[in-house]
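Taking it in order: structure first as structure tokens, then the write-up.
For clarity, every value in this text was computed on a predicted model and none was experimentally measured.
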Amino acid sequence: QSVLTQPPSASGTPGQRVTISCSGSSSNIGIYAVSWYQQLPGTAPKLLIYSNNQRPSGVPDRFSGSKSATSASLAISGLQSEDEADYYCAAWDDSLNGVVFGGGTKLTVL
Amino acid sequence: EVRLAQSGAEVKKPWESLKISCKTSGYSFTTYWIGWVRQMPGKGLEWMGIIYPGDSDTRYSPSFQGQVTISADKSISTAYLQWSSLQASDTAMYYCARLSVVVFPTNPNLYYFDSWGQGTLVTVSS
């Protein structure tokens, strides 16, 4: 049981916009910024979004993030086949005094 | 370029000990936290703990406290994760990752893993 809650799966067709939610609590997302990670099949996770909505250099602007209260969302517009991956949200947690992850969402491009 | 290069895959028997490594380059090793993350087969990411190589301050997730030891060697910019007695349930992929921490005077700190190692697969089987 992960501290942050994500839907286990999401899907969309090429060109569509999909969103993935991440629900937390007052000890994590309610205080701290959220980061998102993309894990392509068979590879290590990669930072996709940090500070709720900031993209590292090299991440396409099709990826965007937002946060409100104790929840966050990742949006992917103009969906492409290469976006098929697992996506994880994460945040610092004061109760744990460490990082908590969501359970991950498997995105399928139909 | 920031790089985290992990040691190779390991196959061990139950009750054996193991130490895996994460050699870093391209940045000041002593000024960033390094974390370890477990991913069991077909499962999600789990934070195990972090270490600040500058002063060896180490924090563990309650789920892993007492089960593993995290350490670092400043002289060779390398972090380690070790077990004294492996179990089959330790079979997993283990990632090291650099934790960026931005401190603000009046706002909560900002935390995120900005660079990851390629992973070390640990298989424990009799």
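Other residues, nucleotides and ligands place more than 12 heavy atoms under 6.0 Å from the CZ atom of Arg62(A).
Heavy atoms of Leu110(B) lying under 4.5 Å from chain A belong exclusively to its side chain. Heavy atoms of Pro45(A) lying under 4.5 Å from chain B belong to its backbone as well as its side chain. If you measure heavy-atom distances from Ser2(A) to chain B, you find no contacts under 4.5 Å at all. With a threshold of 4.5 angstrom between heavy atoms, Val37(B) approaches chain A through side-chain atoms but not through N, CA, C or O.
Tracing side-chain contacts under 4.5 Å through hydrophobic residues (I, L, V, M, F, W, Y), one never reaches Leu110(A) starting from Leu79(A); they form parts of separate clusters. Cluster membership for Val102(B) and Leu48(A), using ILVMFWY side-chain heavy atoms within less than 4.5 angstrom, is shared. A single hydrophobic cluster is not seen to contain both Met40(B) and Leu45(B); linkage of ILVMFWY side chains at heavy-atom distances under 4.5 Å, directly or through other members, places them apart. Under the 4.5 Å side-chain contact rule for hydrophobic residues, Tyr80(B) and Tyr52(B) do not share a cluster.
Expressed to the nearest 0.5 Å, how far CZ of Phe101(A) lies from CH2 of Trp47(B) amounts to 10.0 Å.
The nearest pair of heavy atoms linking Leu99(B) to Trp92(A) is CD2-CZ3, 4.3 Å. Smallest separation of non-hydrogen atoms from Leu96(A) and Pro62(B): CD1-CD, 3.0 Å. In terms of heavy atoms, Gly117(B) sits closest to Ala44(A) at O-CB, 3.2 Å. The two atoms that bring Tyr88(A) and Gly44(B) nearest to each other are OH-CA, 3.4 Å, heavy atoms only.
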Worked check of side chain to side chain donor-acceptor pair (under 3.5 Å) between Gln54(A) and Tyr112(B) = CA-CA 11 Å; Gln54(A) 301 299 301; Tyr112(B) 57 97; over 6 Å; no
So Gln39(A) and Trp116(B), side chain to side chain contact (heavy atoms under 4.5 Å, CB included) or not? Walk me through it.
-> CA-CA 11 Å; Gln39(A) 187 175 32; Trp116(B) 293 70; over 6 Å; no
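If you chain together ILVMFWY residues whose side-chain heavy atoms come under 4.5 Å of each other, Tyr60(B) ends up grouped with Val2(B), Leu4(B), Leu18(B), Ile20(B), Tyr27(B), Phe29(B), Tyr32(B), Ile34(B), Trp36(B), Met48(B), Ile51(B), Phe64(B), Val68(B), Ile70(B), Leu81(B), Trp83(B), Leu86(B), Tyr94(B), Val122(B), Val124(B).
With hydrogens and angles ignored, the 3.5 Å screen pairs a side-chain donor or acceptor of Tyr37(A) with a backbone N or O of Phe113(B).
The candidate from Asp86(A), Val99(A), Leu47(A), Val100(A) with the greatest count of non-hydrogen atom pairs under 4.5 Å with chain B is Val99(A).
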